[in-house]
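Within every chain, numbering begins at 1; the chains are lettered A, B, ... in the order of the sequence lines, protein sequences first and strands thereafter. Worth knowing before you read on, the calculation uses all heavy atoms, side chains too, and leaves out hydrogens, waters and symmetry mates.
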Protein chains: 2
Amino acid sequence: MPQEHAEVFSRNCGECPIRHRAVCARCEPDELAELDMIKYYRSFEAGQTIIWSGDQMDFVGSVVSGIATLTQTMEDGRTQMVGLLLPSDFVGRPGRGAAAYDVVATSDLVMCCFRKAPFEEMMGRTPHIAQRLLEMTLDELDAAREWMLVLGRKTAREKIASLLSIIARRNATLNMQGPKGQMVFDLPLTREAMADYLGLTLETVSRQVSALKRDGVIELKGKRHVTVPDFERLLDEAGDDSDGGMLA
Amino acid sequence: MPQEHAEVFSRNCGECPIRHRAVCARCEPDELAELDMIKYYRSFEAGQTIIWSGDQMDFVGSVVSGIATLTQTMEDGRTQMVGLLLPSDFVGRPGRGAAAYDVVATSDLVMCCFRKAPFEEMMGRTPHIAQRLLEMTLDELDAAREWMLVLGRKTAREKIASLLSIIARRNATLNMQGPKGQMVFDLPLTREAMADYLGLTLETVSRQVSALKRDGVIELKGKRHVTVPDFERLLDEAGDDSDGGMLA
DNA sequence: CGAACGGTTGATCAAGATCAACGTCGGTGG
DNA sequence: CCACCGACGTTGATCTTGATCAACCGTTCG
């Protein structure tokens, strides 16, 4: 049986770790106060399904800590990840009743949830929220399109390198470092989840990770702890042009 | 040399064929009048590149008539389509200076362009525009995610069937018919463009189209004119569950 | 301890890529 | 008028990448 998270979170938005990146990033104190009235926290453990595709959704919200995946599954069991949710990412689609994808917690996870109806109502008259959500959605769309190139045209090796560089870069921006030189991080995904991300089998993922290690593109400590000695080299293996998608 | 379009378009938004579906769908008469002051029409011929990836963009806009594609290209020439733009679809990303993708007119095309800076300024104080753009962006994100499943997990035959069903469905909603029973339409894409859409080679596209024809899933008159005798059958071949993605 | 889970590695197979030839249609210029 | 060319499409033969099937390892957890 799931044991309740012992950890206690401050309800105070001022202390919120994702305050400056989430949907509420642009909100004024009075707007935060209003959001506060319709918000609540929920904890999930690793492996738990947060939302089932097709379910009626009565909340939207932000990932506060932990990692979740958005996945689509065909009747015969083939599954494709279509979103990777990190802290500050938004869950749920205002204006739609039913969830379109499964949302699964990959690690232990905390969400800041807003009751859906009041949130939608508030969004309608609070440009600060609507604007921020638009911005975040446009970013997600860009990420999805980058991902489509990976899925449609890259080789298995390039796919793995692409995924590693994406995780490395996200990690760097989270720690507010530039993405260059040596980088170290932990893989937040199992080999199977990586396969579902990249449209591969887990065997192919395992082989290509080993190959990148053998060729010195990455170093591994255990199965998950990755060191990238030369980020440019990794980008090269990913087939990305060197600028790495820096957009004005 | 490109010959100028002889056709003349009414500047009048009241007669605009995409009025009810575009970014301006929710605008009041006074807002339309303001948009009118920053708008202009541009025509492109089939094959013409509208925007090059990396270019500075000085406008955003809506496709009024015709079809365009968003594509990404790797240094070695591999290309992946990441968006298919039909009438009423929006082009450009407010808040970003440089284009992230190539935009190419697949057919002769007319765009209703807005000068970027004034449009962004106006969006900041016109919720009707921002809200509609958010809604359209969320729809595009959903489409991109559906597409990711196609790219990552479907077989070549399923990919072709998926593309045909998407085009058939879009066509049906444009003509305001329900997507069922017999459907007839023209393919707006060459075999090569279909391949770039689906992450296949043009040879595989050709073979699978022939196979679907041989198996009676579709009928062809010429290379482009398609008849789908049984839409359910097509959905089945696409591996989609029967509801066809009808979401509340 | 044994089972479950995550991961690695090997042998074999098949879907789709690649290379190549050919067909059709619609201009265009001699 | 016809010959030629280029764009688009089809089909065949062969090759390669990644899938599939299978065995096995190490860790963790009842």
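No hydrogens or angles were tested; on distance alone, a donor-acceptor pair under 3.5 Å links the side chain of E203(A) to the base of dC21(D). Counting distance only, with no hydrogens placed and no angle test, the side-chain atoms of R207(B) and the base atoms of dG9(D) include no donor-acceptor pair under 3.5 Å.
In the set dG7(C), dG16(C), dG9(D), dG16(C) carries the atom at the smallest distance from any side-chain atom of L200(B). Considering only side-chain atoms of T204(B), the nucleotide from dT10(D), dA17(C), dG18(D) that sits closest is dA17(C). Taking only side-chain atoms of K223(A), from C-beta outward, the nucleotide of dT8(C), dG18(D), dG9(D) with the closest atom is dT8(C). The L202(B) side chain lies nearest to dT10(D) when the options are dT18(C), dC8(D), dT10(D).
A salt bridge links D89(A) with R170(A): the closest approach of a Lys/Arg side-chain nitrogen to an acidic carboxylate oxygen falls below 4.0 angstrom.
If you measure from atom NZ of K213(A) to atom C1' of dG7(C), you get 12 Å, rounded to the nearest angstrom. In this structure, L220(B) places its CG atom 11 Å from P of dG9(D), rounding to the nearest Å. To the nearest angstrom, P of dG18(D) lies 13 Å from CZ of R153(B). Counting to the nearest Å, the C1' atom of dA17(C) and the CD atom of Q208(B) are 13 Å from each other. dA15(C) atom P lies 12 Å from atom CD of E158(B), rounded to whole Å. We find that CG of L187(A) is positioned 9 Å from P of dG7(C), with the value rounded to whole Å. The separation between K154(B) atom NZ and dG18(D) atom P is 22 Å, rounded to whole Å. For E192(A) and dG7(C), the CD to P distance is 9 Å, given to the nearest whole Å.
Although no hydrogens or angles enter the test, the distance criterion places a donor-acceptor pair under 3.5 Å between the side chain of D108(A) and the main chain of A46(A). In this structure, the side chain of S53(B) engages the main chain of A100(B) through a donor-acceptor pair within 3.5 Å. Checking side-chain atoms of D230(B) against main-chain N and O of E232(B) turns up a donor-acceptor pair under 3.5 Å.
Residue T190(B) is in sugar-phosphate contact alone, with no base atom involved, counting any heavy-atom pair closer than 4.0 Å across all strands shown. Using a 4.0 Å heavy-atom distance criterion, G47(A) is classed as making no nucleic acid contact. R157(A) comes within 4.0 angstrom of no nucleic acid atom, judged by non-hydrogen atoms across all strands.
In terms of phosphate contacts, R224(A) brings no side-chain nitrogen or oxygen within less than 4.0 Å of OP1 or OP2 of dG6(C). For S210(B) and dT11(D), the shortest distance from a side-chain N or O to OP1 or OP2 is below 4.0 Å.
For the pairing with C112(A), the side-chain contact (heavy atoms from CB on, under 4.5 Å) check across V23(A), V64(A), V63(A) returns one residue only, V64(A).
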